[in-house]
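Notes follow the structure.
Bear in mind that the values here come from a model prediction, so they are computed numbers and not experimental data. Numbers here simply count residues along the sequence, with the first being 1.
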Amino acid sequence: MLLRWFKFNAVGGIGVGVQLVALTILAGQLELNYLVATALAVEAAVIHNFLWHERWTWADRFNQGRQGSWRRFVQFNLTTGTLSIVGNLLFMRFFVGSLEMHYLVANLLTIAVCSVLNFMVSDRLVFQPSLWETGTVETHESLDG
């Protein structure tokens, strides 16, 4: 579990870079509203993180190919992606809108707040093999044979 937590945070650290670069471009250079820019930047990091978590952080759980990757991608977006976007928007609104922090500092704080919950959801829900992937569900073919 400790190694997985390390991998999760290593991927997340790079994801923070992806998110900050996207936020800097979207809010700083393209001058999008900081909340819209935050949502788009978070989604860029979510996609990045999923790809690395699938292939590195939880790769040991799926050693028979990538069956279920699309299911996990959708689950990852609906769970940790939603938690990250909603959490980031709420905290960014508070830190930037109410406390008048710089949007990059505020974004780093929101990422830290969401990371533990995202790890737990990813480990316990998203990156668990489905019944089909573990082979515990008998197929129609195996019932006939």
Side-chain angles (χ1 to χ4, degrees), residues 1-140:
M1 184 64 91
L2 188 58
L3 179 59
R4 197 176 311 279
W5 173 248
F6 169 76
K7 288 179 176 182
F8 179 84
N9 284 300
V11 169
I14 297 168
V16 169
V18 169
Q19 185 170 329
L20 292 176
V21 167
L23 184 61
T24 299
I25 292 168
L26 295 168
Q29 300 199 353
L30 298 178
E31 298 180 1
L32 286 178
N33 174 277
Y34 72 91
L35 293 175
V36 173
T38 296
L40 294 172
V42 169
E43 182 58 22
V46 165
I47 292 168
H48 165 273
N49 291 354
F50 171 79
L51 293 171
W52 279 101
H53 289 324
E54 175 86 356
R55 285 164 182 76
W56 187 49
T57 309
W58 282 279
D60 61 308
R61 292 187 180 171
F62 310 103
N63 38 351
Q64 295 180 347
R66 293 287 158 213
Q67 183 179 11
S69 286
W70 281 108
R71 174 194 57 82
R72 287 187 295 277
F73 179 72
V74 170
Q75 273 187 312
F76 192 76
N77 264 282
L78 291 176
T79 57
T80 64
T82 300
L83 286 169
S84 294
I85 290 172
V86 170
N88 269 268
L89 292 177
L90 291 174
F91 283 109
M92 286 292 283
R93 177 70 180 112
F94 175 70
F95 290 142
V96 176
S98 298
L99 300 181
E100 298 182 5
M101 280 185 189
H102 188 272
Y103 63 87
L104 291 177
V105 174
N107 197 243
L108 287 172
L109 288 174
T110 62
I111 290 166
V113 170
C114 294
S115 69
V116 172
L117 185 56
N118 283 337
F119 176 78
M120 292 182 343
V121 168
S122 294
D123 188 61
R124 303 290 181 223
L125 179 65
V126 176
F127 293 101
Q128 287 292 326
S130 71
L131 294 176
W132 294 106
E133 292 164 309
T134 60
T136 58
V137 174
E138 293 186 32
T139 63
H140 180 66

Can you tell me which residue pairs pass the salt bridge (Lys or Arg N to Asp or Glu O under 4.0 Å) test with a partner in residues 105-120, sequence neighbours excluded? none
Under 30°, 30 to 60°, or over 60°: which ring-plane class applies to H53 and F76, parallel, tilted or perpendicular? perpendicular
In a table with atom names and distances, give each donor-acceptor pair under 3.5 Å that connects a side chain of residues 39-49 to protein atoms at least two apart or in another chain.
none

Considering only residues two or more places apart or on different chains, which pairs with a residue in residues 81-93 satisfy side chain to side chain donor-acceptor pair (under 3.5 Å)? Q19-N88, S84-N118, N88-N107, N88-T110
Working to the nearest 0.5 angstrom, can you tell me the gap between L30 CG and T24 OG1? 11.0 Å
Any pair counted as side chain to side chain donor-acceptor pair (under 3.5 Å), so long as it reaches residues 26-41, sequence neighbours left out: none
Scan for salt bridge (Lys or Arg N to Asp or Glu O under 4.0 Å) pairs involving residues 3-28, sequence neighbours excluded, and state none if there are none. R4-D60, R4-D123
Student check: side-chain heavy atoms of I14 and W52 closer than 4.5 Å: no
Distance from L90 atom CG to I85 atom CD1, nearest 0.5 Å? 12.0 Å
Between the OG atom in S122 and the CD atom in Q75, the distance rounded to the nearest 0.5 Å is 10.0 Å
Sequence neighbours excluded, which residues qualify as ring pair (Phe, Tyr, Trp, His ring centres under 6.0 Å) partners of F73? F50, W70
Partner set under side chain to side chain contact (heavy atoms under 4.5 Å, CB included) for T79, not counting sequence neighbours: V121, L125, V126
Using 0.5 Å steps for rounding, measure from the CZ atom of R61 to the CD atom of E54. 11.5 Å
If you count heavy atoms of other groups shown closer than 6.0 angstrom to CZ of F91, is the number above 12? no
Run the side chain to side chain contact (heavy atoms under 4.5 Å, CB included) test against A27 and tell me which residues pass, sequence neighbours left out. L23, A37, Y103
Is any side-chain heavy atom of L108 less than 4.5 Å from a side-chain heavy atom of L20? yes
